[in-house]
Amino acid sequence: MSALVGFLTAELTIGGVPILVREVVGNVFGLGSAYLGMRRLVWAWPVGIAGNILLFTVFLGGVFHTPQDLDLYGQAGRQVMFLVVSVYGWWRWTQTRRAAAAVAEAAAHAHPDGNGNGNSNGDGHAGARSSSAAVMPRWATGRERLTMLAIAVGGTIVCAKIFEALGSWGPWADAWIFVGSLLATWGMAKGWTEFWLIWIAVDVVGVPLLFLGGYYPSAALYLFYAVFVTWGFVTWVRVQRQERAAAASSSSLSSVTTTPASVLDGAR
């Protein structure tokens, strides 16, 4: 217990500014979650949850008596939101991965290679990709995008009024960060490629807010996120293109291999 208390209260002093160790550690977990999410690995969710728990105590500075002594209800509230949505995302990605693995296994048994090990390309890579990737990226539909836009505008207005009444510091920026984070996390769970773009919009507001509030590790991580999520966006778009190309190639190959049989049947 004493070790836990020591960790929760430990501080670093950088440039004369006190910084909580748990703020740094919580943001490292957040970065790890983003990286694993880019790789489409289920571990993105439990790693993110660990960071959410730590950062919840950081952003309620007035309650937990942090060096900043500021209450950012939007920042703290989104950690709770992350917990709820992350449980859903964890479950959804796990189910998707299991379904993909089952399909890959069935396909392997249906088309075994010359060695009898069931890998369609003979090197085992296809099966590995199917079992590790937990979601297939896709663009949101027009209706889904309109829904996200309505939530972004309406949710920000409502949350800003609530945070303002609660005495939150920077209520409007705090509100968008909360709502944008909700949309981005939900989009990640659904496999919408747009969720990376929403994170960029969150970072644009979050960096100046956190710097002004004295949350320097979190602000620095937000700044890094802006670069990282751009990379993640490009990665997911590339995966989509590769999957489309693979599907088109598979369809073309299927057409070529079935045509001779049809011709022979007709000749008979």
Side-chain angles (χ1 to χ4, degrees), residues 17 19-20 22-24 26-27 29-31 33-34 37 48 51-86 89 140 144-190 192 194-230 232-233:
V17 178
I19 295 172
L20 284 172
R22 71 177 186 268
E23 181 182 357
V24 177
N27 279 299
F29 275 109
L31 179 60
S33 176
N52 300 148
I53 294 172
L54 289 173
L55 292 176
F56 173 78
T57 67
V58 170
F59 291 119
L60 286 183
V63 175
F64 291 95
H65 306 293
T66 67
Q68 295 83 7
D69 199 33
L70 295 173
D71 288 325
L72 294 176
Y73 291 108
Q75 291 284 341
R78 80 177 190 140
Q79 306 307 320
V80 177
M81 174 272 295
F82 281 152
L83 286 172
V84 176
V85 179
S86 292
E144 288 167 343
R145 289 177 179 176
L146 286 175
T147 300
M148 285 192 287
L149 179 61
I151 293 174
V153 175
T156 299
I157 293 173
V158 172
C159 288
K161 295 298 184 181
I162 294 174
F163 295 159
E164 193 172 36
L166 291 173
S168 180
W169 188 77
W172 284 91
D174 209 17
W176 162 242
I177 292 172
F178 176 81
V179 175
S181 298
L182 170 62
L183 289 173
T185 307
W186 183 256
M188 176 179 168
K190 301 289 285 186
W192 298 336
E194 287 91 344
F195 92 88
W196 295 104
L197 299 178
I198 299 174
W199 273 131
I200 293 176
V202 169
D203 293 338
V204 167
V205 175
V207 170
L209 176 71
L210 293 172
F211 264 123
L212 291 173
Y215 293 92
Y216 300 114
S218 297
L221 187 66
Y222 268 48
L223 191 59
F224 180 76
Y225 270 154
V227 177
F228 184 86
V229 297
T230 301
F233 173 70

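Everything numeric in this text was worked out from a predicted model, so none of it was measured. For reference, positions follow the sequence shown, starting with 1.
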So, D203 side chain and A226 main chain: donor-acceptor pair closer than 3.5 Å or not? yes
With a 4.5 Å limit on heavy-atom distance, are the side chains of L83 and F56 in contact? no
Taking the side chain as everything from C-beta on, heavy atoms only, tell me whether W199 gets closer than 4.5 Å to V204. no
L197 and F233, any side-chain heavy atoms less than 4.5 Å apart: yes
Would you give the length of the straight line joining atom CG of L54 to atom CG of N27, rounded to the nearest 0.5 angstrom? 9.5 Å
OG1/T156 to CG/D174 distance, rounded to the nearest 0.5 angstrom? 11.0 Å
Of the non-hydrogen atoms in F211 and A220, which two are nearest, and what is the gap between them? CZ-N, 4.5 Å
In the structure I gave you, are the side-chain heavy atoms of V229 and F195 within less than 4.5 Å of one another anywhere? no
Taking only residues two or more places apart in sequence, or in another chain, which ones meet N52 in a side chain to side chain donor-acceptor pair (under 3.5 Å)? Q79
Can you name the nearest heavy-atom pair linking M148 to A140, along with the distance? CE-CB, 4.0 Å
Between W172 and V205, is there a side-chain heavy-atom distance shorter than 4.5 Å? no
What's the spacing between L146 CG and I151 CD1 if we round to 0.5 Å? 11.0 Å
Using modelled atom types only, decide if a donor and an acceptor are shared between the side chain of E194 and the backbone of R145 within a distance under 3.5 Å. no
How far apart are the closest heavy atoms of A152 and L183, and which atoms are they? CB-CD1, 3.7 Å
So, taking the atom named SG in C159 and the one named CG in L166, what distance separates them when rounded to the nearest 0.5 Å? 10.5 Å
Test side-chain contact (heavy atoms from CB on, under 4.5 Å) applied to W196 and T230, step by step: CA-CA 7 Å; W196 295 104; T230 301; over 6 Å; no
Atom CH2 in W186, atom CD in E144: separation rounded to 0.5 Å? 11.0 Å
Would you compute the distance between atom OG1 of T57 and atom CD of E23 and round it to the nearest 0.5 angstrom? 9.5 Å
Would L210 and F59 count as a side-chain contact (heavy atoms from CB on, under 4.5 Å) here? Give the steps. CA-CA 10 Å; L210 293 172; F59 291 119; 3.9 Å; yes
Taking the side chain as every heavy atom from C-beta outward, state whether V153 and I157 have any atom pair closer than 4.5 Å. yes
Parallel, tilted or perpendicular, judged at 30° and 60°: which one describes the rings of F178 and F163? perpendicular
Using every non-hydrogen atom in the two residues, find where A160 and A175 come nearest and quote the distance to one decimal. N-CB, 3.4 Å
